[in-house]
Amino acid sequence: MATETPEVRQTVGPAGDGRPDIDAQLVRRLVDAKFPRWAGLPLTLLDPAGSDHVIYRLGEELSVRLPRHPGALGQARKESEWLPRLAPHLPLTVPAPVEVGEPAFGYPWPWAVNRWLDGEAASVDVLAESPQTAVLLAEFLTALQRFAPEEIPALSARDDLTAGPLADRDRATRAAIAGTAGVFDAAAMTALWDAALDAPDRDGPAVWFHGDFHTGNLLTLDGHLSAVIDFGGLGVGDPSRDLMIAFTLMSAKNRAVFRTALGVDDATWLRGRGWALATGLNAYTAYAAVNPHIAEQTTRQITSTLTG
């Protein structure tokens with residue numbers, strides 16, 4: 001297992017973009033100063049770790065997660081507050097927060113130490129044709145939505161647990177549709193987007209949603225779904241945004257299995273297609289030119305939304 005060396009230095013963002021530089025030396029200083037009981041544990045960079053966090057494995061049982069940008073800076077405290085309460089109610093493993101570290105040594109944001117979760121990122125090749133996976137994901141979302149602490153009406157007003165409606169993405173999504181017209185069917189995307197915006201709003205109380213429920217935030221062990229990670233988007237409101245998993249992971253046949261198991265009505269499914277289209281286009285326009293894996297994933301996501 002590697003320790004900190006010049007070879008594992010990782011710079012977060014180009015110089016001058018307002019993002020901090022994060023390398024093993026910084027992480028070592030943060031951990032040793034805040035949590036000296038772990039000073040002797042080696043650090044190993046997890047690469048790639050996603051677009052929101054730099055992640056180091058700390059010894060065998062822990063991980064250190066440091067936000068790369070301001071949009072991810074609330075996750076450490078949110079997960080520390082809610083995941084221990086949610087975990088007993090969910091049919092899949094979720095991260096187990098251990099500590100929240102404070103800004104220091106020029107690093108400006110809270111950061112997290114969690115229990116290490118073994119597993120591989122979920123892949124279409126392994127899980128797309130698995131109806132058992134579709135049912136298990138529906139069961140996970142059902143359990144999440146049923147979690148109802150007594151204070152849930154008040155939680156609906158908390159800024160860290162609310163997210164804007166689909167309409168907030170209108171301008172950016174239409175721009176992305178125009179910008180990708182040479183790659184995807186612009187007329188079909190526009191028709192779907194208009195229909196999703198026109199779909200009736202949720203008729204019922206606010207419920208919990210994961211908020212970023214896609215293939216990259218699922219782990220597998222031995223080819224089976226094992227964990228759901230990255231709850232930075234966790235919130236209370238309309239759960240249709242979590243339907244994006246149907247379009248990032250599942251075959252058309254298993255999307256139908258998933259929808260039936262979750263009991264999704266037409267309006268909710270249509271809003272979910274809108275969320276999947278908007279988030280897919282956002283990721284495609286931001287990363288496809290520089291990351292072939294994201295280009296492949298988001299192409300699948302976008303085209304799947306058009307077929308329903």
Side-chain angles (χ1 to χ4, degrees), residues 50 52 75 78-79 82-83 86-87 89-95 121-122 124 127-128 133-148 152 155-156 160-169 173 192 196-197 199-219 225-251 254-283 297-298 300-302 304-305 308:
D52 290 340
Q75 183 165 335
K78 180 186 286 188
E79 290 192 342
W82 289 107
L83 290 187
L86 281 164
H89 303 278
L90 301 175
L92 289 163
T93 299
V94 298
V124 170
L127 297 180
T133 296
V135 170
L136 182 53
L137 286 168
E139 291 173 348
F140 178 90
L141 291 180
T142 297
L144 178 63
Q145 292 167 22
R146 286 176 177 168
F147 177 70
I152 197 167
L155 296 178
S156 299
D160 65 329
L161 293 176
T162 57
L166 191 60
D168 285 357
R169 293 177 174 259
T173 300
L192 170 57
L197 291 178
D201 293 335
R202 174 177 167 79
D203 181 17
V207 295
W208 286 88
F209 54 78
H210 178 279
D212 198 20
F213 204 58
H214 60 74
T215 308
N217 287 336
L218 305 177
L219 297 181
L225 194 61
S226 60
V228 179
I229 60 174
D230 285 347
F231 283 74
L234 180 71
V236 175
D238 178 5
S240 65
R241 67 192 68 220
D242 284 345
L243 299 181
M244 75 171 76
I245 190 60
F247 305 96
T248 61
L249 181 64
M250 301 173 197
S251 66
N254 284 319
R255 283 199 293 276
V257 172
F258 171 76
R259 179 178 178 179
T260 298
L262 193 55
V264 177
D265 60 46
D266 290 344
T268 303
W269 190 253
L270 186 51
R271 294 195 307 276
R273 290 173 66 194
W275 280 108
L277 177 64
T279 56
L281 283 169
N282 179 68
Q297 277 192 326
T298 53
R300 172 187 173 86
Q301 180 174 340
I302 293 162
S304 293
T305 65

Report the distance from atom [atom1] of [X] to atom [atom2] of [Y], rounding to the nearest 0.5 Å.
| X | Y | atom1 | atom2 | answer |
| --- | --- | --- | --- | --- |
| Lys78 | Leu161 | NZ | CG | 5.5 Å |
| Leu281 | Ile302 | CG | CD1 | 4.0 Å |
| Leu270 | Leu192 | CG | CG | 6.5 Å |
| Asn282 | Leu277 | CG | CG | 11.0 Å |
| Gln301 | Leu249 | CD | CG | 11.0 Å |
| His210 | Leu90 | NE2 | CG | 10.0 Å |

Closest non-hydrogen atom pair, [X] against [Y]:
| X | Y | result |
| --- | --- | --- |
| Ala163 | Phe209 | CB-CZ, 4.1 Å |
| Phe231 | Glu79 | N-OE2, 2.8 Å |
| Ala128 | Asn254 | O-ND2, 3.0 Å |
| Ala138 | Ala261 | CB-CB, 3.6 Å |
| Val228 | Pro95 | O-CD, 3.2 Å |
| Pro239 | Gln145 | CB-NE2, 3.5 Å |

Ser226 meets the side chain to side chain donor-acceptor pair (under 3.5 Å) criterion, sequence neighbours left out, with none
I'd like to know if Asp265 and Arg271 make a salt bridge, using a cut-off of under 4.0 Å between side-chain N and carboxylate O.
no
Do [X] and [Y] have side chains that approach each other closer than 4.5 Å (heavy atoms only, starting at C-beta)?
| X | Y | result |
| --- | --- | --- |
| Leu243 | Leu262 | yes |
| Arg202 | Val207 | yes |
| Asp201 | Asp238 | no |
| Val124 | Gln297 | no |
| Met250 | Leu137 | yes |
| Arg169 | Thr279 | yes |
| Trp275 | Asp242 | no |
| Glu139 | Leu136 | yes |

Partner residues of Phe247 under the ring-ring contact (aromatic ring centres under 6.0 Å, His included) criterion, sequence neighbours left out:
Trp269
Residues Thr305, Met244; criterion side chain to side chain contact (heavy atoms under 4.5 Å, CB included); working and verdict
CA-CA 9 Å; Thr305 65; Met244 75 171 76; over 6 Å; no
Check each of Leu218, Val94, Asn217 against Asp230 using the side-chain contact (heavy atoms from CB on, under 4.5 Å) test, and report the only one that passes.
Asn217
Check: Thr215 side chain, Thr248 main-chain N or O, donor-acceptor pair, under 3.5 Å
yes
Parallel, tilted or perpendicular, judged at 30° and 60°: which one describes the rings of Phe213 and Phe140?
parallel
